[in-house]
Amino acid sequence: MRGRQPDPVTQFSIFTANRMGRLHDLIALLSSNSVHVLAVTVLDTSETAIIRIVVDDPQAARVLLKENNFAFTESQLLVVEIASATQLPELMSAFLEAEVNINYMYCFIPHPEGKSILGISMEDNEVGERVLTRHSFRVLRQSDISR
């Protein structure tokens, strides 16, 4: 996409046994190394879990996950700022208009300037970004959410 910023938001998907304390261990590891979790969602089964996170320092998180034997993958997440919950129908209408499929979405913890932030996994981030920009939504970059 012409003019697109080079630093999309990085999402880590961490694969782990579904056992007591594992999420605590992960968050404590990151926090004790000054890596802040900005968004988190957990998908679990009886045996395993996928912990999806967005952090303010992806490079440091990557090193910590590797050094501490957390199995993970990385992907790019489309992140959009919305002023209020009343904009959610408009956001969904924009995606429907563009015929873009959403795989999943979740909210960020911070709400800068009173605005909410949604992380969205979709089939085609570039198409999603174009439609959001066309509908005057602000798409955020890693540099927008990092320290």
Side-chain angles (χ1 to χ4, degrees), residues 1-19 21-82 85 87-88 90-112 115-147:
M1 181 169 169
R2 200 172 295 143
R4 187 170 194 203
Q5 297 295 322
D7 64 338
V9 174
T10 300
Q11 172 187 264
F12 294 95
S13 296
I14 298 118
F15 306 94
T16 185
N18 186 5
R19 65 176 171 81
R22 197 65 174 146
L23 181 59
H24 170 271
D25 295 344
L26 172 64
I27 301 299
L29 170 69
L30 295 170
S31 178
S32 67
N33 287 278
S34 298
V35 176
H36 304 102
V37 175
L38 305 174
V40 60
T41 186
V42 179
L43 303 159
D44 69 334
T45 65
S46 58
E47 300 295 320
T48 61
I50 301 172
I51 304 166
R52 290 189 173 114
I53 61 171
V54 175
V55 298
D56 62 351
D57 189 345
Q59 292 81 4
R62 186 177 301 111
V63 169
L64 289 167
L65 292 170
K66 286 179 183 176
E67 288 177 349
N68 290 275
N69 299 314
F70 280 95
F72 69 94
T73 61
E74 295 180 41
S75 59
Q76 295 178 359
L77 193 65
L78 186 62
V79 176
V80 62
E81 184 178 77
I82 60 173
Q87 280 192 299
L88 196 55
E90 183 183 342
L91 183 72
M92 295 302 106
S93 292
F95 287 138
L96 180 61
E97 173 188 309
E99 298 181 359
V100 177
N101 188 38
I102 296 172
N103 300 320
Y104 56 86
M105 60 191 259
Y106 54 100
C107 294
F108 276 56
I109 297 166
H111 293 272
K115 295 182 180 177
S116 295
I117 302 173
L118 294 174
I120 305 167
S121 170
M122 55 185 14
E123 291 176 340
D124 190 328
N125 285 351
E126 289 187 21
V127 171
E129 184 174 343
R130 278 196 304 267
V131 74
L132 290 176
T133 301
R134 191 168 56 245
H135 286 269
S136 301
F137 284 98
R138 181 175 176 220
V139 176
L140 302 178
R141 301 284 171 210
Q142 189 69 48
S143 59
D144 295 320
I145 63 172
S146 294
R147 292 179 265 148

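In this chain, residues are counted from 1 in sequence order. Basis for what follows: all heavy atoms, side chains included, without hydrogens, waters or symmetry-related copies.
- Nearest heavy atom pair, residue Gly128 against residue Val131, reads O-CG1, 3.1 Å.
- For Ser32 (side chain) and Ala28 (main-chain N/O), a donor-acceptor pair under 3.5 Å exists by modelled atom type.
- Counting only distance, with no hydrogens or angles, the side chain of Glu74 and the backbone of Thr10 share no donor-acceptor pair below 3.5 Å.
- Judged purely by atom type and a 3.5 angstrom limit, Asp57 has no side-chain atom pairing as donor or acceptor with the backbone of Val35.
- The minimum heavy-atom distance between Met122 and Asn101, with the atom names listed, is CB-O, 3.3 Å.
- Proximity of Leu132 to Phe95: side-chain heavy atoms (C-beta onward) are separated by under 4.5 Å at one or more points.
- In plain terms, the two heavy atoms of Tyr106 and Ala39 that are nearest each other are CE1-CB, 3.5 Å.
- Note that CZ of Phe70 is 7.5 Å distant from CG of Leu30, once rounded to the nearest 0.5 Å.
- Leu77 is not listed as a side-chain neighbour of Pro8, based on a closest heavy-atom distance of 4.5 Å or more.
- Between Leu29 and Leu64 the shortest heavy-atom distance is CD2-O, 4.0 Å.
- The shortest distance between side-chain heavy atoms of Val79 and Phe108 falls below 4.5 Å.
- Taking OG of Ser116 as the start and CG of Leu88 as the end, the distance is 9.5 Å to the nearest 0.5 Å.
- The minimum heavy-atom distance between Phe12 and Leu65, with the atom names listed, is CD2-CD1, 3.8 Å.
- Pairing each heavy atom of Ile50 with each of Ser13, the nearest pair is CG2-CB, 4.1 Å.
- You'll find the side chain of Cys107 reaches within 4.5 Å of the side chain of Leu118, heavy atoms only.
- Interatomic distance, Arg52 CZ to Thr73 OG1, rounded to the nearest 0.5 Å: 8.0 Å.
- The distance from atom CD1 of Ile53 to atom CD1 of Ile14, rounded to the nearest 0.5 Å, is 3.5 Å.
- Expressed to the nearest 0.5 Å, how far CG of Asn33 lies from CD of Glu67 amounts to 8.5 Å.
- With contacts defined as side-chain heavy-atom distances shorter than 4.5 Å, the pair Ile82/Glu90 does not qualify.
- Not one N or O on the side chain of Asn18 forms a donor-acceptor pair closer than 3.5 Å with the backbone of Asp44.
- Using a 4.5 Å cut-off on side-chain heavy atoms (C-beta onward), Val37 and Val54 make no contact.
- A donor-acceptor pair is defined here as one N or O able to donate and one able to accept, closer than 3.5 Å; such a pair exists between the side chain of Gln142 and the backbone of Val55.
- Atom CZ of Arg134 is separated from atom CD of Glu97 by 5.5 Å, given to the nearest 0.5 angstrom.
- Put simply, the side chain of Arg138 does not reach to within 4.5 Å of the side chain of Lys115, judged on heavy atoms.
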